[in-house]
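Notes to accompany the following structure.
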Protein chains: 2
Amino acid sequence: MKPLEWINGKLKFLDQTRLPLEEFFCETDDVLFVAKAIKRLAIRGAPLIGIAAAYGVALASLSLNHSMVKEARSYILSIIDILASTRPTAVNLFWALKRQRRVLDAWQTDSISDLQNNLLNEAKQIHQEDAEICERISSFGAELLSDDCSVLTHCNAGALATGGRGTAIGIISKAWELGKLKHVYIDETRPLLQGSRLTAWEIDRAKIPATLIVDSVAAVLLKQGKINAIIVGADRITMNGDVANKVGTYSLAVLAKHHGIPFYVAAPVSTIDAQMSTGKDIPIEERDAREVTELFGKRTAPEMVHVYSPAFDVTPNEFVTAIITDRGVHRPPFSDSLKRLSLRGELVG
Amino acid sequence: MKPLEWINGKLKFLDQTRLPLEEFFCETDDVLFVAKAIKRLAIRGAPLIGIAAAYGVALASLSLNHSMVKEARSYILSIIDILASTRPTAVNLFWALKRQRRVLDAWQTDSISDLQNNLLNEAKQIHQEDAEICERISSFGAELLSDDCSVLTHCNAGALATGGRGTAIGIISKAWELGKLKHVYIDETRPLLQGSRLTAWEIDRAKIPATLIVDSVAAVLLKQGKINAIIVGADRITMNGDVANKVGTYSLAVLAKHHGIPFYVAAPVSTIDAQMSTGKDIPIEERDAREVTELFGKRTAPEMVHVYSPAFDVTPNEFVTAIITDRGVHRPPFSDSLKRLSLRGELVG
C-alpha cells in the first residue's frame with residue numbers, strides 16, 4: 001500500500017481523510033494542492049509530509065520553463081516557504097525542505113531542466129531512503145520486544161505515515177512476521193481518529209490480531225496486565241530526548257511508567273531536531289475546535305463552548321525507555337547518545 | 001432543568017441521547033419504555049437511573065386494577081427484575097428497587113390503590129431526597145476546594161444525572177456561586193461524549209467559564225499546572241473505597257496522583273455497596289462495539305475490527321483523595337470511615 005507515488009510527472013496520493021470508508025486517490029501537478037493536502041491531513045505522518053513536501057518542490061519546478069531562469073530561484077524559495085508553513089510541529093517537513101533548498105543552492109547551470117531533474121531526484125531519494133529507514137527501525141524495534149508480547153500503539157505511525165512499512169507499526173508488523181507478537185491494541189486517537197481510521201485499517205490488511213479501544217481504555221488494559229509495551233512514532237525529538245507526538249502520547253507515557261511497562265518511541269533520525277535542546281521549545285499546532293465539537297458535520301457540543309485542542313504533546317525524556325531510530329536504539333541519558341549521533345554527523349539540521 | 005418529572009400519572013423525561021442538538025422530552029405510562037430508556041442511556045447517571053427505576057415500578061402498578069390483588073405482587077416483582085436487568089454497574093439502581101421491594105413487602109391490605117400510592121410516594125421520596133443529597137454533597141465538596149481553583153471533570157455527574165444539582169457538577173456549580181472557582185475543564189468522555197454533549201451543555205447554561213478537551217488532553221493540562229483538582233461521580237463504591245465510574249476515570253486518577261493533584265469522588269451514600277468489599281467484584285458493563293466504530297451511523301473503523309469497550313473502570317482506593325458523600329467527607333483509610341457509616345446504619349443494602 002503506497003500512500004504517495006510519483007507517476008508521469010504528477011503526485012498521486014491517498015486522501016487519508018476518507019479512510020476507512022473509501023480508498024480515494026488524488027493526482028495533481030499543483031504544488032498548492034499538495035500544500036493544502038498536508039494542511040488538511042489528507043497527507044499526514046511526520047515522515048510522509050517530508051516526502052510530500054519534497055515532491056511538492058519538484059512539482060513546482062515543472063511549471064517553470066526555459067525562459068524563467070532568472071525567476072526560478074525566488075519562485076522555488078517561495079514555494080518552500082509555503083510548504084514550510086503548512087504544519088509547525090513535525091521537523092521532517094523542514095528537514096526535507098532543507099534538502100531541496102540545498103539542491104536549489106547547488107544549481108549552478110542555466111538549465112531549468114537540470115533544476116527540475118535535481119529536485120525530482122532528491123525527492124525520489126528522500127522517498128526511497130525512508131523505505132529503507134523504516135526497515136532498519138522495524139528490525140531494531142522488533143528485536144527489543146519480548147516473545148509473545150502484546151503492544152499498544154497510538155495514532156498512526158505506519159505505512160500511511162511513511163515511505164515504507166512505517167515506524168511504530170513497522171516494528172509491530174516486523175514482530176508479527178518474526179512470530180514474536182501476540183496482539184496489538186489500537187488507541188482510536190481523538191479527535192481525528194487516526195487509530196481507528198488508519199491504524200486499524202492497516203493492521204486489518206496485515207491480518208494481525210488487534211483490538212480497538214477508546215483512548216482512556218489504555219489505562220484499564222495496563223492495569224489488567226494485557227500490554228507488555230507501548231510503541232509510538234514521533235513528530236519531533238529534541239537533543240535531550242523529549243518527544244513531541246500526537247496528543248495523548250504524554251498521557252500514555254505516564255501510565256506506562258506507573259504500570260512498569262516499557263515506552264518506546266520509533267522515528268528516523270530526521271525527526272531529531274539538532275537545533276533544539278529541550279521539548280519546551282517545540283511549537284505545538286492547535287487544531288480547529290470543530291474537530292472536537294462536530295462529527296460528520298453534526299454538533300456534539302453546545303455552540304459557544306471553548307475548546308483547547310493541541311494536535312501534539314511533549315513527553316519528557318524521563319518517560320521514554322528507548323528511542324528506536326534507523327541508526328540504532330538509543331537509551332537514557334539521551335543527551336549523551338543523541339549527541340554522539342550528532343558528533344558522528346548523522347543528524348541533519 | 002429537570003431531566004425527569006412525574007406529571008399526571010406519567011413519567012416525563014429528557015431524552016439525553018439527543019442533547020445538545022435538541023431538548024426532546026418523552027412522556028410515558030409504560031414501564032417497559034422506561035426500562036428501554038435506561039438501557040439506551042436516554043436516562044443515565046447513577047442516581048437518576050435509581051429514581052427512574054423507582055418511578056417505573058410506580059408506573060407499572062398503575063396498570064393494575066382492583067380485580068388483580070392476587071397477581072399484583074408477582075407482577076411488581078417481575079417488573080423489578082426487568083428494571084434491575086437494564087444496567088449492571090450502578091448500584092443506585094438496585095438500591096432504589098430494593099426500596100420499592102420493601103414497600104411491596106409492607107403492603108398488607110387488599111387495596112391496589114394503597115399499593116399504587118405507596119409505590120408512587122416512595123419514588124417521589126427517593127427523587128426529593130436525591131435533590132437534598134446533592135445539596136449536601138455540593139456544600140461539603142465546595143468547602144474542600146481551594147480559592148480560585150480550576151477543576152477537571154469527566155463524564156456527567158450533574159443535574160442531568162441526578163434528582164438535584166448533581167454530585168461532581170453540583171460541587172463545581174456551588175464553588176462557582178461561592179466565588180471559589182476559576183475555570184472548569186470538561187473531558188469529552190469517549191465513546192458516548194457525555195462530557196461534550198451533557199456536561200458542556202449544563203455548564204454553558206450555568207455560565208461557568210469552561211473549556212472542552214478530548215480525554216487525552218487532561219494529562220497535558222495537568223503537566224501545565226492548569227488543573228488544581230479532579231472531581232468525578234461514581235457508579236459504585238465498595239467498602240474499601242474502590243470506585244467504579246465511567247471509563248477514563250482510572251486513567252485520570254493515576255495522572256492526578258502523578259501530578260500531585262487531589263482526586264475527589266462525589267456520590268450519595270446509596271452509591272456505596274455495603275455488600276461488596278473490593279472493586280474487583282464489581283460487574284463492568286461492556287458496550288456495543290458500534291459506539292466506538294460508528295459516529296452518526298458512519299463507520300470510522302474497518303468493518304471486522306474487534307473492539308473492547310467497557311463502560312466503566314475501577315479506580316483503586318489508593319488513588320482517591322476523598323469521597324464526598326451526603327454524610328460528609330471520607331478520607332483514607334476508607335475501609336475505616338465507610339465501616340463507621342455502616343455501623344451507624346447509614347448505608348442501605
Side-chain angles (χ1 to χ4, degrees), chain A residues 20-21 154 185-191 193 195-197 200-201 203-205 209-223 246-255 257-259 289 291-293 295-310 313-314 316, chain B residues 20-21 154 185-191 193 195-197 200-201 203-205 209-223 246-255 257-259 289 291-293 295-310 313-314 316:
Chain A
L21 289 178
H154 187 71
Y185 292 95
I186 304 168
D187 264 3
E188 66 168 6
T189 317
R190 281 285 286 156
L193 302 172
S196 39
R197 293 192 306 104
W201 181 82
I203 294 284
D204 185 53
R205 286 166 68 109
T211 298
L212 178 66
I213 56 171
V214 299
D215 302 325
S216 71
V217 169
V220 178
L221 292 169
L222 283 164
K223 181 157 146 255
K246 176 54 34 69
V247 76
T249 300
Y250 171 63
S251 185
L252 284 177
V254 174
L255 291 165
K257 186 158 209 175
H258 176 81
H259 292 89
E291 292 176 354
V292 178
T293 59
L295 297 170
F296 294 117
K298 293 199 188 178
R299 285 203 74 83
T300 56
E303 293 258 340
M304 297 303 293
V305 70
H306 175 253
V307 172
Y308 172 55
S309 186
D313 59 29
V314 175
Chain B
L21 289 179
H154 187 70
Y185 292 95
I186 304 168
D187 264 3
E188 65 167 7
T189 316
R190 279 286 286 155
L193 302 171
S196 39
R197 293 194 304 104
W201 181 81
I203 294 283
D204 184 51
R205 285 166 68 109
T211 298
L212 177 66
I213 56 170
V214 301
D215 301 326
S216 70
V217 169
V220 178
L221 293 170
L222 284 164
K223 182 158 146 254
K246 174 57 33 70
V247 76
T249 299
Y250 171 63
S251 186
L252 285 177
V254 174
L255 291 166
K257 186 160 209 173
H258 175 81
H259 293 89
E291 291 177 355
V292 178
T293 60
L295 297 170
F296 295 115
K298 293 199 186 179
R299 287 203 73 85
T300 55
E303 292 257 341
M304 297 302 292
V305 70
H306 175 254
V307 172
Y308 172 55
S309 187
D313 59 30
V314 175

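Numbers restart at 1 for each chain; the letters A, B, ... are given by sequence-line order, proteins then strands.
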Identify which of D313(B), D215(B), V254(B) forms the greatest number of heavy-atom pairs closer than 4.5 Å to chain A.
-> V254(B)
Under a 4.5 Å heavy-atom cut-off, does chain A meet the side chain of L295(B), its backbone, both or neither?
-> both
Sort L221(A) into side chain, backbone, both or neither according to what part of it lies under 4.5 angstrom from a heavy atom of chain B.
-> side chain
Does the side chain of V220(B) come within less than 4.5 Å of Y308(A)'s, by heavy atoms?
-> yes
CD on E303(B) to CH2 on W201(A), rounded to 0.5 Å | 14.5 Å
Report the distance from atom CG of L193(B) to atom OG1 of T293(A), rounding to the nearest 0.5 Å.
-> 11.0 Å
Chain B contact via V247(A) - side chain, backbone, both or neither, heavy atoms under 4.5 Å = both
Contacting region of A210(A) [heavy-atom separation from chain B under 4.5 Å] | backbone
Under 4.5 Å from a heavy atom of chain B, the part of P302(A) involved | both
Output the distance between atom NE2 (H154(A)) and atom OG (S216(B)), rounded to the nearest 0.5 Å.
-> 5.0 Å
Determine, stepwise, if the pair L21(A) / R299(B) fulfils side-chain contact (heavy atoms from CB on, under 4.5 Å).
-> CA-CA 7 Å; L21(A) 289 178; R299(B) 287 203 73 85; 3.8 Å; yes
Between H258(B), R205(B), R197(B), which shows the greatest number of heavy-atom pairs under 4.5 Å with chain A?
-> H258(B)
Identify the two heavy atoms, one from F296(B) and one from K298(A), that lie closest to each other, and give their separation to 0.1 Å.
-> CE1-CB, 3.4 Å
Closest non-hydrogen atom pair, P316(A) against K223(B) = CG-CE, 3.8 Å
Is chain B contacted by the side chain of I213(A), its backbone, both, or neither, given a heavy-atom distance below 4.5 Å?
-> both
Contact summary for P20(B) and T300(A), nearest pair of heavy atoms | CG-C, 3.7 Å
Taking all non-hydrogen atoms of both residues, which atom of T211(A) and which atom of V307(B) are closest, and how far apart?
-> CG2-C, 4.0 Å
Can you list the steps and then say if V292(A) with E188(B) is a side-chain contact (heavy atoms from CB on, under 4.5 Å)?
-> CA-CA 8 Å; V292(A) 178; E188(B) 65 167 7; 4.0 Å; yes
Hey, are the side chains of P310(A) and V217(B) touching, using non-hydrogen atoms and a 4.5 Å cut-off?
-> yes
Applying side-chain contact (heavy atoms from CB on, under 4.5 Å) to A219(A) and not counting sequence neighbours gives L255(A), Y250(B), S251(B)
